[in-house]
Amino acid sequence: MSTYAYYPGCSLHGTAKEYDRSARLVCQALGLELREVEDWNCCGASSAHMVSRWLALSLPARNLQLVEKMGLETMTVPCAACYARLKDVSCELKDPEVRDKIGRVLGGQVTGRVTVEPLVGTLTTQEILDKAAGMIKKPLAGLKVATYYGCLLTRPPKVAQFDVPENPQSMDRLLRVLGSEVVEWYFKTECCGASLPVARTDIVLDLSRKLLTAAKKAGAEAIVTACPMCHSNLDSRQGEIRGRYGDDFKMPIFFFTELLGLALGYPARELLIANHLTDALSLLQGRGLA
Amino acid sequence: MSVLKFASTDQPGRNGLLALVKAKTGQDVLACYQCGKCSAGCPLSSAMDLAPHQVLRAVQLGQRDLVFQSSAIWLCVTCQTCYTRCPQEVDLPRVMDALRSQALQEKIRPAERTVKVFHDVFLGLVERFGRLYEVGLIGGYNLLARQPLASADLGLPMLTRGKLELIPRRVKDQEQIKAIFKRAAELELEEITGQSVAAAPPASVPS
Amino acid sequence: MTSEFEPRIVGFLCNWCSYAGADLAGTSRTSYAPNIRIIRVPCSGRVDPLFIAKAFQEGADGVMVLGCHPGDCHYVEGNYHARRRFAVMHRLLDYLGVDKGRVMLEWVSASEGARFARVVNEFTDRVRQLGPAKRPVHSFQVAGNR
Amino acid sequence: MPRIGVFVCHCGTNIAATVDCGGVAEAARGFPGVVHATDFTYLCAEAGQRKIQDAIAEHRLNRVVVASCSPRMHEPTFRKAVAQAGLNPYLMEMANIREHCSWVHADRQVATAKATEIIRMVVAKVARNEPLTAKQVGLTKKLLVIGGGIAGIQAALDVANAGHQVTLVERTPTIGGKMAMLDKTFPTLDCSACILTPRMVELSQHPNIELRTYAEVLSVKGFVGNFEVEILQKARKVNHLTCTGCGTCWQKCPEKNVPSEFDVGMGRRTAIYIPFPQAVPNKPVIDTANCRYVRHLAAKERGEKLMECRVCEKLCPTKSIDWEQKDEIIVDRFGAIIVANGYDTFDHSVYGEYGYGKYPDVITGLQLERLMNASGPTKGEVVRPSDGKHPHSVVFLACVGSRDDKVGRPYCSKICCMYTAKHALMLKEHDPNIQTYVFYIDIRAAGRGYEEFVRRVQEEYGSTYIRGRVSWIYPQDGKLMIKGEDTLLGRPVEVEADLVVLATGITAAKGAVDLMQTIGISYDTYGFINEMHPKLRPVETNTDGVYLAGCASGPKDIPDSVSQASAAAVKVCGLFSQDYLTTDPMTSVVDQMKCVGCFLCEEVCPFRAVERETLRGGKVVARINESVCKGCGLCVAACRGEALNLKGFTDQQLLAQVTALLRA
């Protein structure tokens with residue numbers, strides 16, 4: 001059994017609880033032990049780097065330090081935004097001068113030897129795909145999905161070092177294994193507006209609407225994400241988009257772990273799929289998946 | 001529109017802004033030859049007053065006011081599309097970060113006040129609890145942004161679906177978090193005052 | 001601290017690639033550490049290990065041998081001979097009590113002015129860190145050295 | 001006793017700005033053997049040379065040191081100058097205080113001290129110089145041209161017309177190169193084939209030219225005047241002596257689905273084929289990878305069954321199909337080589353944002369040329385590769401694989417601005433209803449009539465030019481969406497396109513680096529040949545007797561390529577106007593008294609210049625064949641008995657430099 005340090009991040013303890021729940025369940029089922037980083041703190045996400053570079057580096061670095069203390073080598077991160085920050089720091093720590101300065105801010109050294117990977121990477125290795133294929137209880141029955149990776153999983157490629165920057169395939173491969181049909185669309189890494197929804201709702205509605213329109217046009221019945229921010233923007237804003245533009249998408253937005261969980265036989269209720277703001281259960285029920 | 005005036009003794013772009021950006025980011029903004037690919041791919045450029053390539057151009061010419069008062073530096077969400085595709089490999093998101101933090105240091109009124117308020121509230125909560133507390137974020141934001149009802153229609157369904165935690169979770173080692181904020185701000189200051197930059201006396205990093 | 005130690009460095013540069021590379025550094029106005037004194041040789045393969053030994057005996061702090069990249073030798077394979085001879089050279093250096101770090105064999109092509117400057121700077125820094133060289137512990141006679 | 005004169009050049013301010021030339025000359029007066037030292041503004045000027053000559057007479061100088069620029073620049077100049085004053089030219093040495101000193105050190109004190117030391121070293125060397133005599137060798141007055149594009153064709157014709165023998169080696173089955181693929185040429189809109197094919201025919205019929213298509217250069221040995229070259233003639237499986245080029249075979253060949261290289265994948269060809277109707281030679285080759293009979297034979301060996309075919313063989317009226325024909329290696333001697341190996345276009349599949357090369361309606365400029373060409377795959381009809389429909393909106397992207405450091409191509413490809421303008425114009429002439437958009441960064445139209453042409457495309461042909469690089473292309477509803485930015489307005493732009501044409505940049509030809517290494521000439525990081533001097537010797541390489549033409553040294557348009565070809569041809573003719581070549585006297589010599597006959601020198605010599613000689617008394621010693629020795633000095637460094645030395649770079653000279661530097 002492989003053991004990973006698990007960094008849920010703030011969203012997975014709040015608006016994206018279903019991501020946390022489903023991630024833990026599927027990892028357990030697939031024989032991956034997740035050990036939550038003890039006393040982890042917010043990575044600073046979309047705000048710290050806006051005001052201070054050293055804060056932006058040090059907040060995530062503290063978490064790497066904690067993992068080093070736990071004696072683990074690899075940390076898996078479900079949230080794409082947290083992944084971007086943590087991975088960025090793990091790259092920056094290679095520079096001894098930066099490492100020293102971060103050590104000063106933290107009040108203790110951090111080596112940066114911990115490998116940071118996104119959960120979607122952890123769960124889409126060939127080994128895991130093969131394993132999952134053998135464990136499927138409920139194939140996704142041709143569910144037509146559009147995979148949406150968002151900005152931060154693959155970008156910038158020099159830092160993220162995950163998948164192909166302009167046309168990533170990891171989730172596509174997983175979902176095909178699970179029996180769904182992955183539609184061809186071209187907005188896999190287009191931005192949804194990220195952290196702007198609170199301050200500039202108008203922009204996020206516009207960007208999210210473009211994504212939803214494109215997915216629908218491509219024939220998708222649902223969008224699959226690996227980022228709580230993307231999920232939140234696409235899932236919770238459909239009402240407002242209807243209010244402003246009149247488009248009623250009714251497009252369910254899933255975390256990839258939820259669909260993986262369903263295929264492995266977990267009931268929708270246990271995966272907290274009912275938490276979504278845009279109804280996802282009806283679609284699943286129609287396919288006998290919930 | 002004002003005229004950019006260069007006197008015979010001026011060296012456009014050599015008034016410290018380029019050097020400041022270089023010191024804070026390691027990026028050589030002069031590498032940008034204004035092809036505009038960053039702006040072409042930017043999801044936010046249509047909402048910005050200066051397109052991303054224009055921000056770089058203004059830095060090249062040392063136009064501090066133009067840069068620091070722009071909405072662009074606040075609307076950039078660092079989605080990394082520009083940097084990923086830039087032919088000259090200019091790390092524009094990092095430049096944007098540096099410009100924002102400098103604008104704050106110089107106490108320049110942000111062109112996108114609500115964005116700034118959001119980040120203030122966000123970091124205030126993180127400093128206080130060590131983690132983000134979403135109810136606090138929305139509440140605090142609405143109070144400061146004077147938009148008491150913003151996102152209220154989302155609040156209820158979120159609550160009923162258990163998406164919002166009413167009680168903040170705290171990091172145990174509160175002291176370390178507070179110390180990190182303090183020392184990061186000190187280091188930031190140290191770096192800027194280490195630079196001979198003609199700037200207003202730097203204030204502490206707001207939180 | 002008194003004034004910093006400035007090493008004396010002898011550079012044997014092959015006429016076709018490295019000497020031309022040094023010329024290109026010049027025409028491109030790429031500045032580099034001034035310590036190197038260049039001796040033009042037709043090919044890095046012309047450099048007799050005894051030249052290097054002689055340089056240390058006379059008080060050099062470092063010796064560079066620069067030639068064409070492997071495969072690019074104007075004389076087909078001269079630089080391969082230089083490379084082979086260089087391996088043997090290390091034994092001679094041990095015998096003489098000269099730190100191996102004081103000798104460098106590198107490839108610089110005619111188009112690599114910037115690389116030439118970089119290589120020279122790196123080597124100069126390296127020798128500066130090593131400090132002044134001691135004279136070789138063994139003395140010897142070199143051909144034609146009257 | 002050496003009587004050395006030292007002359008320090010100011011080179012205007014190039015040296016004098018950072019080196020105290022007067023002070024250096026003053027210091028030089030104290031160096032051993034120096035009897036005269038002075039400085040002057042420009043030594044290479046006539047007055048400067050005269051100053052040296054006068055001093056030789058006045059001070060009875062028998063050695064001269066010129067402290068100025070690199071010997072690679074002016075060694076011949078000053079050797080000639082001292083020779084005119086009656087001195088052996090090899091008693092002059094240059095001290096490089098410009099490239100190696102004044103230009104790279106800003107501190108006057110440092111540079112002056114360094115210049116002084118450089119001169120001291122060279123003074124010590126020149127004191128040990130011996131008079132040398134240049135040697136003469138014969139030469140083979142035959143030219144090898146590598147590459148059969150327009151540059152190679154022009155060079156071959158020029159030299160052949162001057163009465164010399166020429167062999168042209170071309171890798172593909174026909175000459176014509178990229179120019180043959182073009183529909184029209186800018187800015188005159190000449191039909192490319194109409195101006196090119198007569199030259200191709202002229203070449204193939206020229207009595208002085210031997211044409212070898214479907215052939216490659218395998219190895220090059222020797223040196224200027226006497227190169228020995230191995231050429232691989234690939235098997236065509238067709239006897240070109242008997243074949244009449246009647247066309248029956250390629251019309252009847254049943255394997256019709258091979259992507260055509262000539263049509264850049266836009267069209268198909270057969271397995272036995274000529275690349276295009278006006279190909280030269282107009283005789284086919286069999287592409288063995290796709291020939292059914294060859295595949296049948298291979299399958300049979302594996303014990304599998306595959307249909308036999310042999311249609312071409314059965315139908316050939318002259319029985320020219322020769323299945324037994326094998327690759328062949330030809331060895332020949334040449335006096336000079338012109339490298340005109342051309343270019344390839346940048347492979348745009350590295351651009352994820354443009355679809356990794358997978359969108360069928362995103363094509364390259366060269367592909368569009370084939371679509372527009374009347375003898376092309378669509379008979380000149382411009383249609384979308386995806387559905388064969390006529391496009392209404394066509395978007396051009398400039399600088400794809402040019403001016404892009406990220407993909408390793410920071411340079412400008414020079415021709416794309418012009419060919420894109422040409423395409424926009426021609427499309428409009430094909431179909432006046434077509435809308436064209438050109439996304440560009442800068443317009444580079446420096447050429448006669450070029451700028452006017454680009455203006456015309458915008459003003460008369462209504463092409464919309466948008467200044468900004470495109471960030472993203474994505475398919476939507478059967479069209480392509482182009483996301484760009486009008487950087488002049490500072491506004492994002494989206495254009496809906498039926499067809500997108502990428503102005504892919506110029507890269508070194510495939511295999512260029514291998515070829516350069518085979519020949520032994522230097523190239524840059526992109527695989528383009530380095531000229532001997534970018535301004536003054538632009539068609540010479542750093543290897544004597546090897547010249548270049550066309551895109552081999554970087555992006556060029558047709559007029560530039562042709563000019564270079566003719567320039568290279570003149571250089572070759574100049575070389576061939578001599579009956580003997582004067583070569584450097586810097587060769588090895590053996591002191592046969594010291595030689596013990598171990599022949600380590602023979603082992604290391606790359607040129608087989610070491611010969612064995614039996615002395616009276618039976619002792620076998622080494623002797624250097626001076627006409628073969630190239631003066632590398634490998635043997636000298638290898639000799640254990642100190643029996644060998646290299647004239648001009650003797651052990652004594654080199655060690656004196658070391659001592660002069662370090663004992664001071």
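We name chains A, B, ... by the order of the sequence lines, and we start the count at 1 in each one.
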For chain A, which of B:Glu134, B:Met96, B:Lys182 has the most heavy-atom pairs under 4.5 Å?
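Top option by heavy-atom pairs under 4.5 Å: B:Glu134.
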Max heavy-atom pair count under 4.5 Å with chain A, selected residue of B:Val126, B:Thr84, B:Leu137
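Ranked by contacts with chain A, first place is B:Thr84.
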So which atom in [X] and which in [Y] form the shortest heavy-atom distance, rounded to 0.1 Å?
{"X": "A:Leu152", "Y": "B:Thr78", "result": "CD2-O, 3.6 Å"}
{"X": "B:Val77", "Y": "A:Gly193", "result": "CG1-O, 3.8 Å"}
{"X": "B:Ile180", "Y": "A:Ser58", "result": "CG2-CB, 3.8 Å"}
{"X": "A:Ser52", "Y": "B:Glu188", "result": "OG-OE1, 3.0 Å"}

Going by an N to O cut-off under 4.0 Å, is there a salt bridge joining B:Glu112 and A:Arg200?
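Salt bridge: yes.
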Would A:Glu38 and B:Lys172 pass as an ion pair if we require N to O under 4.0 Å?
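Salt bridge flag = no for B:Lys172 with A:Glu38.
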To the nearest 0.5 Å, what is the distance between [atom1] on [X] and [atom2] on [Y]?
{"X": "A:Asp39", "Y": "B:Ile177", "atom1": "CG", "atom2": "CD1", "answer": "7.5 Å"}
{"X": "A:Met50", "Y": "B:Leu123", "atom1": "CE", "atom2": "CG", "answer": "10.0 Å"}
{"X": "B:Leu132", "Y": "A:Ser11", "atom1": "CG", "atom2": "OG", "answer": "7.0 Å"}
{"X": "A:Ile203", "Y": "B:Leu75", "atom1": "CD1", "atom2": "CG", "answer": "5.0 Å"}
{"X": "B:Ser46", "Y": "A:Leu207", "atom1": "OG", "atom2": "CG", "answer": "7.5 Å"}
{"X": "B:His119", "Y": "A:Ser46", "atom1": "NE2", "atom2": "OG", "answer": "6.5 Å"}

Do [X] and [Y] touch side chain to side chain, with heavy atoms closer than 4.5 Å?
{"X": "A:Leu106", "Y": "B:Arg183", "value": "no"}
{"X": "A:His49", "Y": "B:Arg94", "value": "no"}
{"X": "A:Gln65", "Y": "B:Gln176", "value": "yes"}
{"X": "B:Arg100", "Y": "A:Val51", "value": "no"}
{"X": "B:Val121", "Y": "A:Val198", "value": "no"}
{"X": "B:Phe122", "Y": "A:Cys42", "value": "yes"}
{"X": "A:Arg53", "Y": "B:Asp97", "value": "no"}

Kindly indicate, with the supporting measurements, whether the criterion salt bridge (Lys or Arg N to Asp or Glu O under 4.0 Å) is fulfilled by B:Glu190 and A:Arg104.
CA-CA 13 Å; B:Glu190 199 180 294; A:Arg104 266 168 58 196; 3.3 Å; yes
Residue [X] versus chain A: region with a heavy atom under 4.5 Å:
{"X": "B:Val171", "answer": "both"}
{"X": "B:Leu44", "answer": "side chain"}
{"X": "B:Cys42", "answer": "neither"}

Given the rule in the side-chain contact (heavy atoms from CB on, under 4.5 Å) test, do A:Ser47 and B:Phe118 qualify, once you have shown the distances and angles that lead to the verdict?
CA-CA 8 Å; A:Ser47 290; B:Phe118 171 82; 4.1 Å; yes
Go through B:Thr81 and A:Arg155 one step at a time and tell me if the side chain to side chain donor-acceptor pair (under 3.5 Å) criterion holds.
CA-CA 7 Å; B:Thr81 310; A:Arg155 287 201 294 250; 2.9 Å; yes
Check whether A:Trp40 forms a cation-pi arrangement with B:Arg131 (NZ or CZ under 6.0 Å from the six-membered ring centre, at most 45° off the ring normal).
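Yes - B:Arg131 lies over the ring of A:Trp40, closer than 6.0 Å to its centre and within 45° of its axis.
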Pair A:Lys158-B:Tyr83, side-chain contact (heavy atoms from CB on, under 4.5 Å): steps then yes or no
CA-CA 10 Å; A:Lys158 270 189 187 162; B:Tyr83 180 34; 4.2 Å; yes
Donor-acceptor pair, A:Asn41 side chain versus B:Gly130 backbone, under 3.5 Å?
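Pair absent, no side-chain N/O of A:Asn41 close to backbone of B:Gly130.
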CZ/A:Arg209: more than 12 non-hydrogen atoms of other groups inside 6.0 Å:
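Buried by this count: over 12 neighbours within 6.0 Å.
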